[in-house]
Amino acid sequence: MADERDEIRARIDIVELVGREIHLTQQGKTWKGLCPFHQDKNPSFTVSRQTGRYKCWSCGESGDIFNWVMKRQNVEFADALRTLAKEAGVTLASRGTPVPPSVRQAQEGAMDETLTFFREHLAKSTMAREYCERRGLDEETLKTWEIGYAPEVSGALAVHLKKKGFTLAECKKLFLVEEDSQGGYFDKFRGRLMFPIRDEKGALVAFGGRLLGDGVPKYINSSDTDLYRKSKVLYGMSRARHNFGKDRRAVLVEGYLDVIACHRAGVGSALASLGTSLSEDHAKLLKRWVEEVVILYDSDSAGQKAADRAVSILSAEGLRVRVALMPSGEDPDTLLRNAGPAAVQQAVETGLSPVDYKMQALELKRPQMAAEQFWNTAVQLLADAPNEMELDRHLLRLAGQYPGITDVSRAQQALRREVNKIRTRSQDKKVEQAPTVRAFQPKQLQGELSSAELVVFRAFLSPEYRRSGWMFARSRDLFESALAIRISDAITQAFPGAAPEGEPAVWLHQFQQEEMRQIISDLLLDVRADHLTETYIADTVELLKQKREKRQLRQIRKGNLDTAKRQEYLLKLREHKPDALKKQQSDDSLLD
Ligand SMILES: [Zn+2]
């Protein structure tokens, strides 16, 4: 088991892995970037190829490639192992893995074959091509988005897949075919324009189909399969991820045609959740890629409700959100066709902050509301204003209408007091609910070790001086600080017979405790390791030995040693430091 992990660790470059999600810049031996685990303003997140680990010096989040995948993709260790094994090309020994590689390969083959089938049928179907023309889907768009057509003929795909050697029972699990009561198979998608759904890495994981004509259901999407979790895949992500730009912004729309229309209109960062409302996992996925999301939904009541939900889910994940509602009766697709690309771009740019957007919606409902209800809701909304400027703007606007107070500035103050009341209340709640943040002081570690002790461990950690470093590091009694003794013990335990070889990334996990792995990688980040020489190490060890003798002498003087220890120390001292003992002998008889 450890072998597979070692193999994966050796093949996957943590800097590359983390670098896919976070912009990293090299600083000496480590790479730095903004921490994805907390609201980081100054880069406090470091990644080390040498140790194969990452660490945030601010919030304390740390780990190796497996922890990274577990945390970022929100999966269990077994899933992280599978993901990374696949990427590293390492075959995992079967131990209850749900999908063996051969099955996975067959599944991917069936998906690819199905896509080819749909693509070929679009080319053959005049009706489908005419539909595309009417929707303004030109040849280039069809090709770019790999749009296909599922023929009306029931069983056409089933027959095709069978002929190609795929097991239909397996294809059923992929939401491609369905079994009838006679044990035969028919196609899941019939008479539909087909949209392949790719995950962020570009792997084909599902299909969505839209009826050409009227009828229900208008859309059918694959349900969850071995390859696809709908709550974790956003349509258009594999393309949009290249277009988030330096302002790191994504545009969230409602359906396939909206995504495609936006991309055609020059809004290449558009994506959509499919046949399902936006989930927390979608928000987590977005958080890995962007800082801001513009929600571009229909302005009908269903669209507004969905937008409200999306705002709370995305904000909860720490994303900046703006809401841009389409002009009434339009969606990005119709807008592109009716008013051109600039109109779509314009719609994205008019996004409002959530507070502005909610206030606007509230104002629209105001005529149907009792005054008290309106003001209560308004104050509640304003309490969420992200900054004072935005709050003041609304207070100023509303003050003139505040019932019972004619003086505007007094009305403004009264409103602000109401807002503050709510803020204080929710602040108290937050404090109560706040999770305990692990406090971590990077300096602490260095402070706990003497500089001489540090040198020995650095020698152990540098490839050139590893052997002598290892020898000295295992001499427990050289060390005085509690931490150094713990590190010494850990090294002795992890490497009893010989010094480890190669980069720490390869052997770091041999330390049994995660805490020790972290301590060791923290030590590695110390650049002063570069100034080591053989002489310097030897001198330092000599110094530690002198200190040890002083310590032993002190303990002998105190007389709190048992006979055996006392004997041992005395023998050592007699051998190395006869002078120190001579002085000692004069005032009491230490030697037996
Ligand atoms: Zn952090």
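In each ligand, atom 1 is the first atom listed, and ligand 1 is the first ligand listed.
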For this session: Answer yes when Lys305 and Asp308 have at least one side-chain N-carboxylate O distance shorter than 4.0 Å, and no when they do not.
Result: no
Exercise. For Trp289, is the NZ or CZ atom of Arg249 found under 6.0 angstrom from the centre of its six-membered ring and inside 45 degrees of the ring axis?
Worked result: no
Problem set entry | Intermediate values then yes/no, salt bridge (Lys or Arg N to Asp or Glu O under 4.0 Å), Arg416 and Glu388 | CA-CA 11 Å; Arg416 185 179 269 284; Glu388 289 310 290; 2.9 Å; yes
Exercise. Residues two or more places apart in sequence or in another chain: which of them pass ring pair (Phe, Tyr, Trp, His ring centres under 6.0 Å) with Tyr297?
Worked result: none
Seminar exercise, completed: Given a cut-off of 2.8 Å, the protein N, O or S atoms lying below it from the Zn ion (ligand 1) are Cys35 SG, His38 ND1, Cys56 SG, Cys59 SG
Exercise. Does NZ or CZ of Lys71 come closer than 6.0 Å to the centre of the six-membered ring of Trp68, within 45° of the ring's axis?
Worked result: no
Exercise. Cation-pi between Arg72 and Phe37: NZ/CZ under 6.0 Å from ring centre and within 45° of the ring axis?
Worked result: yes
